[in-house]
Structures are given as C-alpha cells and as structure tokens.
Chemist: 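Take this structure, written in structure tokens, and hold onto it; I'll ask about it next.
Proteins get letters first, then strands, A, B, ... in listed order; numbering begins at 1 in each. Values below: all heavy atoms of this structure, side chains included; hydrogens, waters and symmetry mates excluded.
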Amino acid sequence: MVKYNFKKIERKWQNFWEKEGFYQPKDFDKKPKKYILIEFPYPSGDGLHVGHVRSYSALDALARKKRMEGYNVLYPIGWDAFGLPTENYAIKKGIHPSIITKQNIAVFKRQLKSLGLSFDWTREINTTDPDYYKWTQWIFLQFFKRGLAYQAEMPINWCPKCKIGLANEEVVSGKCERCGAETERRTIKQWMLKITKYADRLIEDLDKVDYSEKIKTQQINWIGRSEGTEVDFKIADSGSSAKITVFTTRIDTLFGVTALVISPEHQLTETLTTKENRKKVKEYIEASKKKSDLEREENKEKTGVFTGSYCINPANEEKVPIWVGDYVVATYGGGAVMMVPSHDYRDYDFAKKYNLPIKKVVIPSALLHMTTNADTVASGGKAELRLEAECFVDDGELINSGNFNGLSSEKAREEITRFLEKKEAGKKSVKYKLRDWIFSRQHYWGEPIPIIHCEKCGIVPVPEYDLPVELPYVKKYKPTNTGESPLASIKKWVNVKCPKCKGKAKRETDTMPNWAGSSWYFLRYIDPKNGKKFADFKKLKYWLPIDLYNGGMEHTTLHLLYSRFWHKFLYDLKLVPTLEAYSARRSHGMVLAEDAKKMSKSLGNVINPDEIVKKFGADTLRMYEMFMGPFDQAINWSNQGVVGVFRFLNRVWQLQKKVKKDANQCRECETILHKSVKKLSEDIDNMKFNTAVSQLMILINEMDKEININLDNYKIFLKLLAPLAPHISEELWAQIGEKKSIHLEGWPKYDPAKIKENTFDLVIQINGKMRLVVSAPTGIKEEEAKELALSQERIKRFLSGKTPMKIIYISGKLINIVI
RNA sequence: GGUCCAGUGGCGGAAUUGGCAUACGCGCACGACUUAAAAUCGUGUCCCGUAAGGGAUGUGGGUUCAACUCCCACCUGGACCACCA
C-alpha cells in the first residue's frame, strides 16, 4: 500500500485539470448558469494570506458541487492591482510599481494554483492593464457626460510633514501612515461622483437582494437617510432677507430653540460677525481649522463663540443669538443647527458651558395622563425622574409651544411643518449622511482621469477613440510637495491639444481611487477580451446577476455600495440587464493568528499557506479552513487543527484497502450514507462547511467499522469528498478504475426512504428529565408508545406506584411522563 | 454614545418550527504495536459522588409537561459606525 503522497497527487491533477480546460464555462450553454464570485485579491508584497484561502476554498467547494449538479459555473479570478500599498512599497524599495505589481501577481498566481482552485484562468483580468482600465475610464466619461462626475473644492487629509495629500486609507487614527505626524484638513479641487443621487435607490433595492441582515443594516446606516424639516431663521435687524436654513428631525422642539449654531466653515460667518466679536470669532475659526480629525473626534467638549448677531425664530418671532461652534458638521444639513438644550444632549452641554437659557417644550406623555398616585407607581416613577431631568430627548407631548401645546411629538412635527410651509419659512426635507464620492487621488499608481482642461473650452472629456489614457511610465512617481499628482510634473504628457478647439490644453493629473477598478470588474469577467465594449450585452444577460458574492466584512460598506452604485448607473444607461449586480452576498470571518491577534509581519505570527501546502498538502489546508469554525465568524488559526484534518485524509487514503466490489450492503451503512448525502448537500449550499466536514468524519468512522466496504458506497463517499478535497478524491477515483474525472460526475442523490430507520430511539422523560432511551419501531402508535414506556422496569421504579398526571408524546421522538 | 452580533467542556465548536446538551475535531490519560521514539490503532475524557443519584449552556427572574433555543432585567466580550441635529 502506497503512502498518501499528496505532493505528487496534487501536482498531477492540477496539471491535468488545466490541460483539459475543465473549469472554463461556455457562454450561452444550455445548462443553467451559476456565477460565483470572490472579491479579487490585492496582490500585495506579503503574498497570499490564509484568509484568502478560507474564502476561495469555500466558494470553490460550492462551485465544484454546482458543476456536479449540472450547472454551467463561472468562477473567475483577477487582480485589483492599483493603489497605495504598491506605490509605497515601490518608493521604499526604489522599484517601479508596475514591476512590483508583476512580481506580486506572479507570486499570488503560483500560490493560488498550488491550491487546485477551479478558477477559469482564461478570464483572468488585471485592473492595471490598459485594456482593462480603458473601460474604467470609459465608464467615468459616461458619469461625466450625465453630470454625475464634477469638480468641487473638498477638504482632504494633509500631512504637514510629508507635504502631501493623503487618502482616508492612509490616515491611521488621525495620523499619517508613513511619518506618524498628525494630519490636517486642507481644501483642494477634487473630482466627485454623485452617489447621493442614488441614495434612495441604494436603500430601497436592498429589498430585492439576499444579503444578510447585518450587511443590509450596515448599508442603510452608512447611507443614513433621515426625514425631517428644513426651517429658515431670518437674520434680525439686517434689513435684508438674509436667512439661515437649518435641518432638524425634531421640529416639534422649535419653541425650545435658544440659539442657532453654525459651523466655522459656514458662508455667513463673516457677515454675521459684528465688529466687537470679530477678533474672537476669527481666532476660533483659525483654531478649529488647525484641528485634525483626531482632535475633533477626541475632544468631545462642545466649544463655540458668539457672533454678535441674532435671528428670528419663525415659530414665535423670538430673537435668537447666532453662535459658531465646531461641533456642527459643515457638510451636513447646511452646516447649521437650531440649538434646543432641553431636548438634545449635545445642545445641552453647549448651553451649560455658555450659560444659555434652557427652555422645556416637550414632556413625557405618561405625565399628562397621570391622575392618581397609583399611576405614578405603575409608570415606574421613571416619568417623574425624566421630568426633573433638564434634558429629555425622547418623544413626548408639547408644552410652552403656543397653539401646538398638548400635541404628541409625532403629530406636532407634522403640524409645525405644515405651519412653516404656509408661512414659507420651511419645508419637509430628507438628508443623508452619505456624501458624494471623492474620486480624485493625487498619486501615481492609479487610472488617469480622462479629462483635458482647455484654456478656452474649459473641461473637455478625452474622446472615446483616444482611450485609454495610458499611465505614463516614469521614474518619479513619488507624491509631490505641492499636493499635486506626480503626473503634473511630466510636461510631455500633461501638455496636449484640446480635442475640441486644438488650442493649448493640459491633462487632468489626478488619478482614480483604488475603488474604481473594483466597481465593475465582475462585468469584465463575463467578456474579458472584448475590444469594442466593456462587455457584450447578450453575454451579460446570460451570466448576470451574480448568484453568490463572497468577501470580507470590511468591504460591506464602501466597495459594495460603490459597485452597486456603478451597476445601477450602467443599468440606467441600458448597458447592463440587471438592477442589482449581486443577488446574494455573504461575508467570511477573519482568520486570526493562534494568539487571537491579527496576523502581521511585525508580530511574527503570520501563517504562510505555502508552508502548510508543503507539509500537509493543499487538500488538508483547504479542508482544515472549512472545518475550523462557522464560515462567517472570525477564528484563530490552530496548527493542531491542521493535523486533525491531515489524519482524516490519511484515513481516507487507507480506506481503499477495504473496498470490495461485491461486499455486502449493510443497512446501517446505507442509512448513514444517505443521511450524509442529505447533510452534505444542504450544508454546502448553506455555507455550513464546518458541519459538512464533520459529517464526512462521522461517515468514515462508520464505514471504517466494516471489514469490507461496498464499492458503490465508496464511490458515493468520494463524490461527497470531491468539492472539499478535490485532489485526493480525484486520485482515489482514478485508482478504482474510473476513466472520467470525478469532478465531471453527477452529485449523489439521497433516497428519503433509505434515511428512515426501522427503529428509533424513544426518549422517556419523567417530569422533563431524561430517564431512559428505548428502541421503538418507527411507525409506533401513541398508545403503544405509552404502554411501552410504562412497562419499562426502570420507569416503574421511578413512578413507584404513582399514577401519572399527564403523558405527553411527541411522535418519533419522546415521551414525557408528568407526576 | 449609537447600531448589530455573540457568551455552551481544558480548546475550536455541534445541537433552532422548544423535545437525549456537549456531535465532529484538538488536547489529555491509559493501553496495543516498537529495543525506543514518532506515526498508527484501541479505550476513556462536562462537574460532584464508590454507587444510586444530583448539578451544569454568562447572571437573576419568567413562560412551558419540557428552555442552549422564547420573554424581561443585568453582566461580559466582539464588530461596525461615531458630534449627521
């Protein structure tokens, strides 16, 4: 008997599968299609992470099972290769990013191939390939043509030491990722994509897809839709019609306003500030500009300064002082809030600090209906406590609010909004936390934004026939000191003729963010070599939507939202056939180190998949990662656990000795086999890989008890194993003389009749406590079961002559005798 | 601070229309094989108790014939968001 030589076996079958082109699906095949997608990797210098292996092995098992079930399966792979880590690494090592990228991809490719994943390598894509980013740029131009891409002055993170603009990803808790200096805010002209236009649809269409509730809530929270009222406060004594518009979800507290607070960035700060206050206000604004995000976040104390001006509360014509405070977010709701200290904690803090009046206008509803002492007790005395509190933030009933007294908060919001609308001093409004997407990066390693700035014509898009705008190969790709993209210094590339007037013009030098290429890559897989379109519509129609998309939890907000946005945009242009790209999304948990920390080079706790493959083989690595725990939960790596799976595969290898063509079929074996078919079928579909593996272990424990194993049973076992351990099952399949690959075989079906056993274990409980398990025939009647239970010696002893009060019988399961 | 999720042996975990708690694996102990070790195989392994029996799924309460599972309160841990008016 030859030893389990995984090295030899795995290499042999990987070559065979590749040569035969096993995993290349045909477009328009008559078989039903399945498009299974994993987030394509970022080929970093660290090489493949065992976390990649977890996700890819899981979806590979699913893909393989679906093929066996007769589906035409697309399971593609590619590289998301533009971006900062590569650029930084290139700067550090002095090697050009394009070379680094090539090297990294080569490493990743070798590592992935050593795992025997059933990717269709003929559809491999690379976001840094001009043939690919041509279409990324083309899609950007479509955004531009429809007014969804525009330029705006936007604050960015600025590192004062490195003198460069940083992307959010480069700012680690308020500090520059490279030098550790605290970052500041600076305003720069940036390209923006109008994702906010799609905000409502991005929420609503979540109803049409199968994402886990967690993911849906995250998306909804991120978009942060809130319904409220916009209300105008006229500036007092200005003689003009100047006003400040504020947004509030609590218009029911309008009568409680004791100040208006505007953000330091607000346009009117200058004009509102009176002479006496000018110096103080200016100082305050300067100070808050210098504050980094970190400081703004850490320092939760509300500060502000009085401008000297007043405005008029449209509800009661009261004069209200206007303050400037940096706790007001400039980019949300117009950058101004009405301050109601009695009903908002932040406003309360602010009012306390500056001794502003606190006016109560909402009280807990329970209080109004309280007539007797008994009621006070019934409401837990809580209402009383809340009345005493100076700040009550819940809904209640209105007081001190003129005509609106006695209304519930909910009703009052409607009534007051209507009142303001009549007065033309306000209206219903919806606001979002979601901002438009800052689409510019002042970095080298990204897709150039295909725009030309002409002295005469202004912003001119690069004509489509000139695409792609290739990223020039240059020696200097370091970010510049001016905050401009390094591309700006390449005069030859920058200076061009205007496509419209042929006059003097310059190229846009900003590049796209890392998210650009990944916002549509799943479409390119469908038609990766098309030179005329980003993908053929008929092919898109055949393959879309993606049936299952898996990736990390860290991408469930940004990447998922961005790509859904692009897809909807393309749908509106009738360029893709589906409203949503992904009909189902699942996320896998992180693989942590044995010490429960994140794997990192500096901690020296990284597990290199290569080493596991070398020592135990790809099948062991893959199956261990499936077995380690629930797929969607974070889990610690365990070297001991790997050994357990390796032992299992060795037992599988040994099993062939016992296989006899005409071995007897035993009833127990048949039952457990069919049960296992059922379990594996369901578990793999439901992504419960850990229990799927455990069932295979249970099955082998059972089969191994026999002296001889029936060949047909053995074949079924190998088929069940095939998606999870594709190499060993293929090898053993060939060794029993099968000519066709096991991966082209049909997925086994189970016979419900064979799962049913002749007898079952009847559990007998007394007062809910398990006392005895007896074997009973499957079809036993209730009366018979009761008799059987009561006739047991042990049960009689427990009853000791007492008559049961009640006997509960659950068919096929248990009897509970209540005494 | 908000939202969501979780808490079961020495460890990873299993068990959901409420019905045998601890499947499967790891670890550990003992045994077989071996000159020996590794590997492999076998047996045992929640706690207390010689046993009969009793106790145990973060804590306390509730519903039920029956609760890891449902309800209420609390404790602990994690993830994401975080001054969004």
Chemist: Is it the case that the side chains of A:Asp347 and A:Tyr327 hold a donor-acceptor pair, with the cut-off being a distance below 3.5 Å and no angle test?
Modeler: yes
Chemist: Below 4.0 angstrom, N of the basic side chain to O of the carboxylate: do A:Glu410 and A:Arg413 qualify?
Modeler: no
Chemist: Roughly how many Å is it from CG in A:Asn636 to C1' in B:G12, rounded to a whole number?
Modeler: 9 Å
Chemist: Specify the separation, in whole Å, of atom CE of A:Met626 and atom P of B:G13.
Modeler: 15 Å
Chemist: Would you say the side chain of A:Lys302 and the base of B:C83 hold a donor-acceptor pair, judged only by whether the two atoms sit under 3.5 Å apart?
Modeler: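 Result: at least one qualifying N/O pair found.
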Chemist: What is the distance, rounded to the nearest whole Å, between atom CG of A:Leu558 and atom C1' of B:C80?
Modeler: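 Computing the A:Leu558:CG to B:C80:C1' distance gives 12 Å.
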Chemist: Since syn is defined as within 90° of 0, does B:G9 count as syn or as anti?
Modeler: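 Base orientation relative to the sugar is syn.
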Chemist: Measure from the side-chain heavy atoms of A:Gln633 and tell me the nearest of B:C65, B:G13, B:C26.
Modeler: B:G13
Chemist: Separation of A:Asn650 atom CG from B:A39 atom C1', in whole Å?
Modeler: 10 Å
Chemist: Starting at CD of A:Gln640 and ending at P of B:G10, how long is that distance when rounded to a whole Å?
Modeler: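 The answer, rounded to whole Å, is 19 Å.
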Chemist: Within 45 degrees of the axis of the six-membered ring of A:Tyr549 and under 6.0 Å from its centre: does A:Arg585 put its NZ or CZ there?
Modeler: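 Yes, A:Arg585 and A:Tyr549 form such a contact.
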Chemist: Give a yes or no answer on whether the side chain of A:Ser409 reaches the backbone of A:Gly396 with a donor-acceptor pair at less than 3.5 Å.
Modeler: yes
Chemist: Does OP1 or OP2 of B:A85 have a side-chain N or O of A:Ser226 closer than 4.0 Å?
Modeler: yes
Chemist: From the options B:G12, B:C65, B:G55, select the nucleotide whose nearest atom is closest to the side chain of A:Lys769.
Modeler: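 Among the listed nucleotides, the one closest to the side chain of A:Lys769 is B:G55.
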Chemist: CZ of A:Arg794 versus C1' of B:A52: gap in Å, rounded?
Modeler: 10 Å
Chemist: Compare the minimum distances between each of B:G53, B:G55, B:A14 and the side chain of A:Asn690, then state the nucleotide with the smallest one.
Modeler: B:A14
